[in-house]
Amino acid sequence: MNTADDHRLMARALRLAAHGLYTTDPNPRVGCVLVKDGRIAGEGWHQFAGGPHAEINALAQAGCKAAGSTAYVTLEPCCHQGRTPPCTQALIKAGVQRVVYAMQDPNPQVAGAGAALLQSAGIEVQSGVLAEEAGRLNPGFALRMRSGRPWVRCKLAMSLDGRTAMASGESQWITGAAARADVHRLRARSSAILTGIGTVLADDPSLTVRLADENETDIRQPLRVVLDSRLRLPLTARLLGLPGETLVFTGAGADAAQAHFGRDSVTVVTVPMQSGRLDLATVLQELGSREMNEVHVEAGATLSGALLQAGLVDELVIYMAPHLMGDAARGLFALPGLELMADRLQLAITDIRAVGPDWRITAIVEQ
């Protein structure tokens, strides 16, 4: 039976795991707390892919105090050799007496096998403590392991009357500085930032992470992804000259396009066309095969609407500014064919909060 202490200590492990929010990709964010005789003996979190897992860092801090302890881990300990050795063996060798983990590892190489191995070594195992909270920390890793595609988070900014740009296309800036800084934190936790060629041609965005409270040389820049069916991306586009890599999806020949860009930081991939546009499901499967966990979409109404109608958006983050732009201004999504109340797309709002003078609405798309 779960105790109040189990919940309190797992909550601490989750806070530790969140330290890796921007750094662990493509691995999950994981935290671990070791407790012996009611006191914390060691704790740690997974800091970067290829580095020690959370359990190993906690065991190193605990030293000999790990023997007879209880380990609180936000994800089922791994039992396979990946970039690092299995954590189950390390826990067994250290003499840990009990393991409490929040959620089962969705990786089919683990998925219950880690818990079984611990139990076979005589360690008491308990699962499900704050599982929902742990799931929210790693939505992309879990979805990619289950379905092969990343978690898609679509960010938009609108006025109070639901407009994203004036009729002329002018849109800078709808929201204030605090909201724009918040967007960079969403970018930073993402594996990739995706947009369409229309946005690139209209706005010439950088699609990079810029965090005022971080040393920019230490920031991992997400993969920049441009959907460009007819290969109109100009060589002078700002995003092509910035640090990081760019992946271009096109319906044209990839080999000739690769030669056209002529730089190692740009990769061109050809995907099938569907109804005159790139097959979006194939695009996301390709990103999943490249170990992208969370894809952050910053695009116009057409691409955002197409992803939504295809059932490929998992989460919406909408910044709402306290002003009106009028009925001639551009709308949030292009969603043709919604004519009846029964056709509505259902959302579950999970969070509403003020960000400076604006409001941020977070909603899960109910598939």
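Keep in mind that the numbers below use all heavy atoms, side chains included, and drop hydrogens, waters and symmetry copies.
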**Prompt:** Is there a path of hydrophobic side-chain contacts, each under 4.5 Å between heavy atoms of I, L, V, M, F, W or Y residues, that connects Val295 with Leu312?
**Reply:** yes
**Side chain Arg220, main chain Ala188, donor-acceptor under 3.5 Å** = yes
**Message:** Has Asp279 got a side-chain atom pairing as donor or acceptor with Pro272's backbone, closer than 3.5 angstrom?
**Reply:** no
**Request:** Treating Ile, Leu, Val, Met, Phe, Trp and Tyr as nodes and any side-chain heavy-atom pair under 4.5 angstrom as an edge, say whether Leu240 and Val248 lie in one connected cluster.
**Result:** yes
**Item:** Reported OG1-to-CZ distance for the pair Thr24 and Arg189, which is rounded to 0.5 angstrom
**Value:** 10.0 Å
**Item:** side chain to side chain contact (heavy atoms under 4.5 Å, CB included) between Arg185 and Tyr22, worked out
**Value:** CA-CA 9 Å; Arg185 288 188 282 272; Tyr22 304 153; 3.4 Å; yes
Please output the side-chain donor-acceptor pairs of residues 48-63 that fall under 3.5 Å, not counting sequence neighbours, one pair per line with the distance.
residue, atom, partner, partner atom, Å
His53, NE2, Thr84, OG1, 3.2
Asn57, ND2, Trp45, O, 2.9
Gln61, OE1, Glu43, N, 3.1

**Prompt:** Do you reckon Val183 sits in the same ILVMFWY cluster as Trp151, going by side-chain contacts under 4.5 Å, direct or chained?
**Reply:** no
**Message:** Can you list everything that forms a side-chain hydrogen bond (donor to acceptor under 3.5 Å, both in side chains) with Arg149? Sequence neighbours excluded, please.
**Reply:** Asp314
**Message:** Using modelled atom types and a 3.5 Å cut-off, is there a donor and acceptor pairing between side-chain atoms of Arg210 and backbone atoms of His184?
**Reply:** no
Which atom pairs, one a donor and one an acceptor, fall under 3.5 Å between side chains of residues 227-235 and the rest of the protein, sequence neighbours left out?
residue, atom, partner, partner atom, Å
Asp228, OD1, Leu231, N, 3.1
Asp228, OD1, Arg232, N, 2.8
Asp228, OD2, Arg232, N, 2.8
Asp228, OD2, Leu233, N, 2.8

**Asked** Do any N or O atoms from the side chain of Thr246 and from the backbone of Val266 form a donor-acceptor pair under 3.5 angstrom?
**Response** no
**Asked** Is there a donor-acceptor pair closer than 3.5 Å between any side-chain N or O of Ser191 and the backbone N or O of Asn293?
**Response** yes
**Asked** Taking atom NE2 of His296 and atom SG of Cys154, what is their separation to the nearest 0.5 Å?
**Response** 8.5 Å
**Prompt:** How long is the gap from SG on Cys79 to CD on Gln109, to the nearest 0.5 Å?
**Reply:** 8.5 Å
**Message:** Please find the pair of heavy atoms, one from Gly251 and one from Leu278, that lie closest to each other, and give the distance.
**Reply:** N-CD2, 3.5 Å
**Request:** Would you name the heavy atoms of Pro106 and Ala142 that are closest together and state the gap between them?
**Result:** CG-CA, 3.7 Å
**Message:** Looking at Asp351 and Arg136, is any side-chain nitrogen of the basic one under 4.0 Å from a carboxylate oxygen of the acidic one?
**Reply:** no
**Request:** Give the intermediate values and the outcome of salt bridge (Lys or Arg N to Asp or Glu O under 4.0 Å) for residues Arg29 and Glu294.
**Result:** CA-CA 12 Å; Arg29 300 125 183 169; Glu294 298 179 22; 2.7 Å; yes
**Request:** Check the pair Arg353 / Asp182 against salt bridge (Lys or Arg N to Asp or Glu O under 4.0 Å), numbers first and verdict last.
**Result:** CA-CA 12 Å; Arg353 66 182 62 199; Asp182 196 58; over 6 Å; no
**Complete:** Of all heavy-atom pairs linking Leu137 and Ala17, the shortest is CD2-CB, 3.3 Å
**Asked** Counting only N and O atoms by type, is there a donor-acceptor contact under 3.5 Å from the side chain of Asp203 to the main-chain atoms of Pro205?
**Response** no
**Side chain proximity check, Arg187 to Glu298, heavy atoms < 4.5 angstrom** = yes
**Complete:** Interatomic distance, CG@Leu14 vs CG@Leu9, rounded to 0.5 Å, equals 11.0 Å
**Prompt:** Just wondering, do Arg153 and Val317 contact through their side chains at under 4.5 Å, heavy atoms?
**Reply:** yes
**Message:** Do Gln221 and Leu242 have side chains that approach each other closer than 4.5 Å (heavy atoms only, starting at C-beta)?
**Reply:** no
**Message:** Once rounded to the nearest 0.5 Å, what's the spacing between atom OH of Tyr101 and atom CG of Leu75?
**Reply:** 9.0 Å
**Criterion side chain to side chain contact (heavy atoms under 4.5 Å, CB included) against Met158, the qualifying member of Ile174, Asp358, Leu332** = Leu332
**Message:** Can you confirm whether Leu207 sits close enough to Thr195 that some side-chain heavy atom of one is under 4.5 Å from a side-chain heavy atom of the other?
**Reply:** yes
**Prompt:** For Pro150 and Leu143, which heavy atoms make the closest approach, and how far apart are they?
**Reply:** O-CD2, 3.5 Å
**Request:** Locate the shortest heavy-atom distance separating Ala131 from Ala102; write the atom from each residue and the value.
**Result:** CB-O, 3.2 Å
**Candidate pair His19 and Leu16, rule side chain to side chain contact (heavy atoms under 4.5 Å, CB included), full reasoning** = CA-CA 6 Å; His19 287 311; Leu16 289 169; 4.1 Å; yes
**Beyond-backbone contact of Glu76 with Val99, side-chain heavy atoms, under 4.5 angstrom** = no
**Request:** I would like to know whether Arg98 and Asp6 meet side chain to side chain contact (heavy atoms under 4.5 Å, CB included); could you show each step before the answer?
**Result:** CA-CA 12 Å; Arg98 178 175 178 243; Asp6 286 343; 3.0 Å; yes
**Request:** Compute whether any side-chain donor of one residue and acceptor of the other, for Asp161 and Ser159, lie under 3.5 angstrom apart.
**Result:** yes
**Request:** Hey, could you give me the CG/CD distance between Leu247 and Glu245, rounded to the nearest 0.5 Å?
**Result:** 9.0 Å
**Asked** Are the side chains of Arg12 and Tyr72 in touch, meaning some heavy atoms are under 4.5 Å apart?
**Response** no
**Prompt:** Just wondering, do Lys36 and Leu34 contact through their side chains at under 4.5 Å, heavy atoms?
**Reply:** no
**Request:** Please check if atom CD in Glu366 has more than 12 non-hydrogen atoms from other residues, nucleotides or ligands closer than 6.0 Å.
**Result:** yes
**Asked** What heavy-atom pair brings Leu347 and Ala363 nearest, and what distance separates the two atoms?
**Response** CB-CB, 4.1 Å
**Item:** Test item: Val152 and Val365 side chains (from C-beta on) under 4.5 Å apart, heavy atoms
**Value:** no
**Request:** Please check if the side chain of Arg144 supplies one atom and the backbone of Phe141 the other of a donor-acceptor pair under 3.5 Å.
**Result:** no
**Asked** Would Phe249 and Leu287 satisfy side chain to side chain contact (heavy atoms under 4.5 Å, CB included), going step by step from the backbone distance to the final call?
**Response** CA-CA 10 Å; Phe249 284 101; Leu287 291 175; 4.0 Å; yes
**Prompt:** Would you say the side-chain atoms of Ser69 pair up with the backbone N or O of Lys65, donor to acceptor, closer than 3.5 Å?
**Reply:** no
**Item:** The single option from Cys87, Pro86, Cys78 passing side chain to side chain contact (heavy atoms under 4.5 Å, CB included) against Val110
**Value:** Cys78
**Asked** Given the rule that I, L, V, M, F, W and Y join up when any side-chain heavy atoms are under 4.5 Å apart, are Leu194 and Met273 in one cluster?
**Response** yes
**Item:** Joint hydrophobic cluster, Leu201 plus Val226, side-chain heavy atoms closer than 4.5 Å
**Value:** yes
